[in-house]
Peer 1: 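Dropping the structure in here first, questions after.
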Amino acid sequence: MSRCKLVMPRDITEELMYRGEKGRLRFGVFDLDVQNRELRRRGLRVKLQQKPLKILHLLLTQAGRFVTRGQLAQYLWPDLHVNFDRSLNTAVNSLRRALGDSPENPRFIETRAGLGYRFIAPVESIDEPEVNFENKHVVNQDAYHDYLKGRYFQNKMTEEDLSKSVAYFEAALAADPDCALARVGLADTYNLLAFLGKLSAKEAHSRARESTLAALRIDGKLAEAHATLANLKALYEWDWAGAEATYRRALELNPNYAHGHRMYASLLSTQERHGEAILEIRRAQQLDPLSLIINAEVAWDLYMARDFQGAIEQAWKTLAMEPRFAPAQLALGLACQQIGMLEEAIVEFQNARVCSANHPAATAALGFAYAMAGQRDDSEDLLRELERRPENGHTSAYWVALMHAGLGDHGRAVEWLEKAREDRDVWLVWLRAEPRFDQLRAVRQASGLSH
């Protein structure tokens, strides 16, 4: 893997011929497969017509250099004298939509109005396949592509999308029962379903552990499997030392595993080791700068570290990437609330409720903010909503406890925290660091409650 080394060609078409038609060009989370003429985002194919694809290919080969509209016309319509302005504009706009790019705030394609374009993101030339299927025990690419689709839907973090992710991971295993990555993906989805309240901690732990250990039996050196095993030690077993040792093992196996750094950062944050946590989550962000989950968790970890202004700035950056991403809306609202911007916080929590299909974390956050704003009736309505056991889910005692704490009923809050401890509630790992429990912390310590 190496940086593209480009020289100024006498003729753009000559350089493309010189570079050949093999290999891949990577930028951000995208790969252009030159030989097969395919654009992929995180391994998933992006539909793109021939002309936009050719424009992208040309701009990538000229990364960092200005390409005139005349050069583009020569490349797209050689030896033709046509009015190409409208067609070129249409093709460039189509390319931008596929990349999620903006002419006003470009991440990839910079425009010089009426003159041409410049590709501004770093580009890498990839000569070898990114995934070693033998090492990862993926026998065929169909299994790996289903695995990637599973991760894609998993990262959206809604109930509907998590159901899709399970289906894709199972499809990968149907194609290749020894696909260790798909088994790890299933385990991670079970954990997210526990956070969503759709699985009890006991059931999620059992399923995730079985799937993770199966992955490790297939490939004992798979970093993803070790990181997920560490996550299980932290979430369900509250084995902090064991979790840290296992995270470190995962990152020794693959120092560039972005989500391993993300999960390790969460462990450090729950233990109030905030300086170390921020270093780890920033490392994850460097490795995968376009990951919505990682960017949102930068804001979350800053919030837990009580850097509320930093959390606000990071949350806005994440929402600029995806305005409807509920975890970033939630982090933004939490930080706004802590600096007294209650109206803004309530708006963000309402947005998070809508975009997450009423995730209990967003519901509790809104109810807590209502209580802080003196809207007690509204807060109590949401408390009753949380206390009702879902038809096909699990009530998180942690969030009910938080609502009682917001309403000033510390005795009931402690009772629900005790229930959360009995349930091994996955959210309880954040009790030590969560700023919203500051007023209750003395009561918790006096009661002997720990986690």
Side-chain angles (χ1 to χ4, degrees), residues 1-9 11-69 71-78 87-103 105-111 116-133 138 141-142 144-149 151-152 155 256 258 286-292 321:
M1 192 179 296
S2 61
R3 294 281 183 186
C4 286
K5 296 181 179 179
L6 304 176
V7 296
M8 181 65 73
D11 179 89
I12 285 177
T13 305
E14 289 179 5
E15 179 170 344
L16 293 178
M17 293 174 62
Y18 175 76
R19 289 175 62 86
E21 294 296 326
K22 296 182 179 180
R24 292 180 292 120
L25 299 173
R26 172 182 293 166
F27 55 100
V29 297
F30 293 94
D31 284 289
L32 177 64
D33 185 332
V34 178
Q35 183 173 8
N36 296 313
R37 292 175 173 80
E38 288 183 349
L39 177 65
R40 294 185 178 273
R41 184 184 187 277
R42 299 186 187 278
L44 301 180
R45 186 175 180 179
V46 178
K47 292 183 179 179
L48 201 59
Q49 294 179 341
Q50 182 181 9
K51 286 292 190 289
L53 195 67
K54 291 184 72 174
I55 292 172
L56 176 61
H57 185 199
L58 175 58
L59 292 176
L60 291 176
T61 65
Q62 305 297 306
R65 299 210 302 263
F66 177 65
V67 178
T68 70
R69 292 174 66 85
Q71 288 173 318
L72 282 168
Q74 174 195 351
Y75 178 49
L76 297 173
W77 298 282
S87 298
L88 180 56
N89 291 340
T90 299
V92 171
N93 288 337
S94 177
L95 174 58
R96 279 205 172 97
R97 285 193 297 272
L99 300 180
D101 207 16
S102 164
N105 297 292
R107 288 180 292 147
F108 300 120
I109 302 172
E110 177 185 76
T111 302
Y117 307 92
R118 184 169 70 96
F119 199 88
I120 58 176
V123 179
E124 293 177 321
S125 177
I126 312 298
D127 297 323
E128 297 296 331
E130 178 180 359
V131 178
N132 185 324
F133 290 102
V138 181
Q141 290 197 20
D142 288 340
Y144 184 65
H145 289 163
D146 280 332
Y147 161 75
L148 289 175
K149 292 173 185 176
R151 286 294 192 188
Y152 172 79
N155 290 338
N256 294 324
Q286 290 172 356
L287 290 168
D288 194 351
L290 297 183
S291 166
L292 289 173
M321 298 167 63

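Note that the numbering runs from 1 along the sequence shown for the chain.
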Peer 1: Can you confirm whether Q286 is buried at CD, in the sense that more than 12 heavy atoms of other residues, nucleotides or ligands lie under 6.0 Å from that atom?
Peer 2: yes
Peer 1: For residues A258 and D288, report the shortest heavy-atom separation together with the two atoms involved.
Peer 2: CB-CB, 3.9 Å
Peer 1: Could you walk me through whether H57 and L25 pass side chain to side chain contact (heavy atoms under 4.5 Å, CB included), step by step?
Peer 2: CA-CA 8 Å; H57 185 199; L25 299 173; 4.2 Å; yes
Peer 1: Is there a side-chain contact between N155 and L292 in this structure, where contact means two heavy atoms from C-beta onward sitting under 4.5 Å apart?
Peer 2: no
Peer 1: Look at the side chain of D101 and the backbone N and O of I109, then say whether any donor-acceptor pair between them is shorter than 3.5 Å.
Peer 2: yes
Peer 1: Contact between D146 and K149 at the side-chain level, heavy atoms closer than 4.5 Å - yes or no?
Peer 2: yes
Peer 1: Would you say the side chain of N89 lies within less than 4.5 Å of the side chain of R69, judging by non-hydrogen atoms?
Peer 2: yes
Peer 1: Over 60° means perpendicular and under 30° means parallel, so tell me whether F119 and F27 are parallel, tilted or perpendicular.
Peer 2: perpendicular
Peer 1: Please examine the side chains of L39 and L99, heavy atoms only from C-beta on, and report whether any two atoms are closer than 4.5 Å.
Peer 2: yes
Peer 1: Any salt bridge between D31 and R26, counting N to O under 4.0 Å?
Peer 2: yes
Peer 1: Test your reading of the model: is there a side-chain donor-acceptor pair from R107 to the backbone of G100, 3.5 Å cut-off?
Peer 2: yes
Peer 1: What is the minimum heavy-atom distance between A91 and I55, and which atoms define it?
Peer 2: CB-CD1, 3.5 Å
Peer 1: So do L72 and Y117 actually touch side chain to side chain, heavy atoms under 4.5 Å?
Peer 2: yes
